[in-house]
Q: 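After the structure tokens below, expect a handful of questions from me.
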Amino acid sequence: MKINVGIDLGTTNSVVATFNRAKGVVEILKNDLEKSCTPSVVCIENGIVTIGEEAKNMQAAGNLNTAAFYKSMMGEKDYTVFIDGKEYTPEDLSTEFLRALKANVEQTNNVQIEGAVITVPAYFTEAQKTATIRAGKRAGFEVLKIIHEPTAAIIAYGLTGSGKKNVMVYDLGGGTFDVTIAEVDGSKVVPIATNGNHNLGGKNWDSAIRKELIQRFLDEFGINIENHPEEYKMLQVKCEDVKKRLTSLSSTDVTVQCEGYSGKYEITRELFEMQTYNLLCETNLLIEKCFSEIGNGFGWHSLDEVVLVGGSTRMPQVKEMIQREYGKSPVTKNIDVDTIVAAGAAMQAQLCTDDVLVLGGATGEVPPVSLRGSPASRSGGLVIRGSDIQDITAHSLGMLALTSDGKNYVNSIIIPKNSKLNQRFGKRYTFSGTTLEVYVLQGESKDPYDCALLYKYIISGMPEGQKNEFSVNFLYNSNGVVEVEAELDDGRSLKAEQLPVTESLSEIISRLEKEREEAKKATKDIEIIFMLDTSGSMSGDPMTQAKRALRDFIEGLDLKRMKVAILDFAESTRWMCHFTDSERELSNAIDRFTVGGPCGIGTSAKPLSTHGNDFNSKKASKVIVVLTDGEWFDQPAEVKTAITLKSNGVIIYAVGFGKADEKFLSQIASEKGSRKIDLSKLSSTFKEIASSIATEI
Ligand code: AMP
């Protein structure tokens with residue numbers, strides 16, 4: 001029989017479950033040892049893969065070809081373990097484990113598994129989630145979806161078909177801790193806050209015991225077990241056993257052996273709890289963080305139910321802490337902390353294929369998990385739809401951005417944490433290039449160095465030679481994995497290509513800085529052509545005042561962003577200087593102006609028609625400033641040219657005094673760009689134009 005399953009791929013144990021549609025119940029698929037939980041331990045020897053209990057026994061016997069707890073390192077590019085003569089990444093080990101688990105469960109239950117919903121800690125990052133998806137695919141599953149472990153637990157536990165309640169799932173597994181608070185309303189599940197630590201779980205409690213035993217053995221025999229890999233592996237397994245015994249006993253003895261020496265030590269629960277108190281406090285801090293993220297005074301008092309999930313919640317200290325803080329007991333009755341996550345994943349697998357799930361089915365039979373309140377029997381078949389189950393993201397998503405003062409690179413958050421999945425968040429751009437580089441970051445901090453650098457996206461396809469307005473849309477898809485799309489304002493979609501990041505963040509930032517500097521050097525933001533009338537009527541005081549005004553104008557410009565060229569016109573035209581940002585060059589050019597020089601004294605030059613297009617850079621904003629004191633010989637031709645120039649984006653200021661034609665000035669100038677003034681106002685007028693260029697362009 002072909003089936004879909006839910007898999008709780010745990011740090012310590014994994015569980016496979018399926019939803020029996022006919023009966024409307026979840027069935028846990030046992031392994032060949034008739035167990036629900038299969039230890040997530042892998043042993044590879046001579047290419048033969050062994051998993052589960054057998055591999056765990058090999059680990060306990062000190063076999064160095066075994067690997068456990070690799071889930072904690074999932075997605076870490078540089079972490080590998082060397083077994084059976086080969087390097088294995090956590091993704092490789094998960095692949096081997098899942099492939100063997102699939103074969104085992106298929107054979108034991110006489111089924112053929114096709115699709116799988118795999119659970120991951122809510123706090124898993126992008127790299128960890130995508131590595132899990134890849135491992136599932138490589139192991140031969142069609143990965144229907146990945147869902148967060150606490151959300152899976154709520155699906156299996158919380159759907160009662162009656163009333164609205166706030167449920168907290170406290171999930172302390174073997175290697176990870178997650179806390180999720182959700183609103184459950186009938187068949188609807190809406191998580192509202194989630195936090196976690198993917199390096200905090202039962203193994204940290206084991207470590208506390210291991211540390212104590214290593215120290216006692218060192219004190220007694222002067223031997224450090226950490227230097228003996230086989231004995232160290234055996235001790236790891238022993239410590240987990242001691243921890244589990246302390247769940248029901250107040251003290252227990254343990255024998256440690258190394259180099260032929262043997263020591264017997266007593267560990268009390270009191271000492272164990274004292275030495276692990278800080279770990280418990282860490283989980284409480286993450287709960288408090290959820291409360292403050294929800295805000296509005298949300299706290300323990302706002303919770304209707306607290307559900308414990310994960311093998312480590314069996315430790316009495318966990319229940320005691322919840323009892324202390326919450327004032328009530330957590331829900332434990334009829335919940336199997338080991339299988340509830342897989343059960344929720346199995347229900348989700350059913351929703352992935354049929355989009356509807358009937359708990360209790362036609363018979364009204366009660367699912368084997370989620371017995372509390374007997375939802376199905378009460379409602380006689382509670383109907384759940386795919387859209388009833390929502391999820392949120394545990395990490396903010398941002399992009400590398402430059403602050404507006406251009407001084408620092410920051411993580412500019414686009415999707416805040418605790419946002420619903422499948423929701424688009426757009427970022428608008430006005431950009432004159434054709435390709436844009438976007439670096440996507442995951443994390444809460446403004447400082448990009450505190451965040452994970454996920455991807456580089458190249459957005460391309462923008463039309464050339466114009467300012468393009470477009471949006472880049474960021475999304476966490478239903479797997480909680482990042483997707484990026486881009487489209488122009490007119491609806492045309494742009495290419496958004498995801499590329500792996502090959503540089504470190506500091507390399508990227510210093511490269512971007514360098515590129516910015518070079519671009520600044522290569523192209524000034526603004527190019528200005530100053531056209532000065534030197535016809536006969538300008539002689540004497542007008543020329544003296546014009547030179548002064550031109551100097552004041554140059555002084556008012558920000559030459560770091562601008563280049564200026566100066567044109568002399570009368571009967572003909574002449575460049576006094578080409579585009580430059582050198583104040584000295586400009587000043588020398590101004591000094592050289594005379595009336596009746598090489599350009600003659602008449603007015604027949606057409607400066608706009610002959611030089612109005614002589615800009616250097618395509619990218620820079622283009623400005624022409626004209627100063628004249630009389631009528632020009634062919635004003636209609638110049639008006640025509642000015643109209644074309646303006647329609648191509650050139651901004652024209654036209655200033656006149658004396659006999660200048662006011663109408664002509666306003667015809668050639670851009671809107672609000674013409675001024676007919678008194679000679680005495682020349683300097684102040686040019687200062688004003690300089691400041692308007694600096695601030696408005
Ligand atoms: P999970 O990842 O949910 O399977 O949880 C596995 C973790 O639960 C491991 O660290 C186990 O050592 C721990 N665990 C299982 N049973 C007990 C127990 N009786 N007392 C304390 N810890 C336990």
Side-chain angles (χ1 to χ4, degrees), residues 1-10 14-29 94 98 101-102 105-106 109 111-122 124 129-159 180 182 184 186-191 339-361 367-370 376 381-393 420-423 475-483:
M1 186 177 54
K2 289 182 182 172
I3 57 165
N4 290 333
V5 294
I7 304 174
D8 173 7
L9 181 60
S14 295
V15 181
V16 186
T18 191
F19 187 78
N20 183 327
R21 215 159 127 225
K23 293 185 182 164
V25 295
V26 172
E27 290 170 352
I28 306 297
L29 296 173
S94 301
L98 281 170
L101 181 67
K102 180 173 183 277
V105 168
E106 283 183 334
N109 298 276
V111 290
Q112 193 184 329
I113 300 172
E114 292 196 318
V117 168
I118 305 176
T119 62
V120 290
F124 251 22
K129 285 180 179 177
T130 49
T132 305
I133 294 173
R134 280 195 305 267
K137 286 182 181 165
R138 285 170 61 196
F141 293 99
E142 182 196 342
V143 180
L144 300 171
K145 197 170 180 177
I146 53 169
I147 59 165
H148 296 156
E149 286 158 11
T151 309
I154 293 177
I155 295 172
Y157 158 77
L159 310 176
T180 293
V184 181
S187 65
K188 288 191 171 50
V189 177
V190 184
T339 58
I340 189 167
V341 169
M347 289 161 76
Q348 181 64 65
Q350 166 65 18
L351 289 171
C352 283
T353 38
D354 281 1
D355 197 45
V356 66
L357 174 152
V358 186
L359 276 184
V369 288
S370 182
L382 179 68
V383 177
I384 300 158
R385 299 194 182 278
S387 56
D388 286 343
I389 316 291
Q390 282 185 2
D391 215 340
I392 54 173
T393 166
K420 287 190 185 120
L421 301 185
N422 275 323
Q423 220 184 332
L475 163 94
Y476 274 113
N477 68 19
S478 49
N479 286 329
V481 169
V482 177
E483 285 180 14

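Hydrogens, waters and symmetry mates are skipped; everything else that's a heavy atom, side chains included, is used.
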Q: Tell me the closest heavy-atom pair linking G136 and I118, and the distance in Å.
A: CA-CD1, 3.9 Å

Q: What's the verdict on side chain to side chain contact (heavy atoms under 4.5 Å, CB included) for N422 and Y476, showing C-alpha distance, side-chain angles and the deciding distance?
A: CA-CA 6 Å; N422 275 323; Y476 274 113; over 6 Å; no

Q: Is a donor on one side and an acceptor on the other found under 3.5 Å between the side chain of T18 and the backbone of N4?
A: yes

Q: Measure from the side-chain N and O atoms of N479 to the backbone N and O of I146, and report whether any donor-acceptor pair falls under 3.5 Å.
A: yes

Q: Do the side chains of Q348 and I155 get nearer than 4.5 Å, heavy atoms only?
A: yes

Q: Any donor and acceptor pair, going by atom type alone, linking the side chain of E27 with main-chain N or O of A17 inside 3.5 Å?
A: no

Q: I would like to know whether T339 and V26 meet side chain to side chain contact (heavy atoms under 4.5 Å, CB included); could you show each step before the answer?
A: CA-CA 10 Å; T339 58; V26 172; over 6 Å; no

Q: Residues in side chain to side chain contact (heavy atoms under 4.5 Å, CB included) with A152, at least two apart?
A: T119, I147, V341

Q: Say you draw a straight line from NZ of K2 to CD1 of I113; how long is it, rounded to the nearest 0.5 Å?
A: 13.5 Å

Q: Report the distance from atom CD1 of I3 to atom OG1 of T353, rounding to the nearest 0.5 Å.
A: 11.5 Å

Q: What's the separation between atom CD1 in I340 and atom CD in E149, rounded to the nearest 0.5 Å?
A: 12.5 Å

Q: N20 side chain to A22 main-chain N or O, any donor-acceptor pair under 3.5 Å?
A: yes

Q: Could you tell me the separation between the CG atom of L357 and the CZ atom of R385, rounded to the nearest 0.5 Å?
A: 10.5 Å

Q: Is the shortest side-chain heavy-atom distance between V189 and D388 below 4.5 Å?
A: no

Q: Quick one: are E142 and L144 in side-chain contact, heavy atoms under 4.5 Å?
A: yes

Q: How long is the span from the CG atom in N477 to the CD atom in Q423, to the nearest 0.5 Å?
A: 13.5 Å

Q: Looking at every heavy atom in both L421 and S478, which two are closest together, and how far apart are they?
A: CD1-O, 3.7 Å

Q: Would a distance-only check, ignoring hydrogens and angles, find a side-chain to backbone donor-acceptor pair under 3.5 Å from N109 to V105?
A: yes

Q: Restricting to non-hydrogen atoms, name the atom on K129 and the atom on F124 that form the minimum distance, rounded to 0.1 Å.
A: CE-O, 3.6 Å

Q: If every non-hydrogen atom of P191 is compared with every non-hydrogen atom of T151, which pair is closest and at what distance?
A: CG-OG1, 4.2 Å

Q: Atom CD1 in I384, atom CE in M347: separation rounded to 0.5 Å?
A: 4.5 Å

Q: Going by salt bridge (charged side-chain N to carboxylate O under 4.0 Å, His left out), name the residues that satisfy it together with D355, two or more places apart in sequence or in a different chain.
A: none

Q: Which heavy atom of L351 sits nearest to which heavy atom of G386, and what is that distance?
A: CD2-N, 3.7 Å

Q: Tell me the closest heavy-atom pair linking V190 and Q390, and the distance in Å.
A: CG1-OE1, 3.6 Å

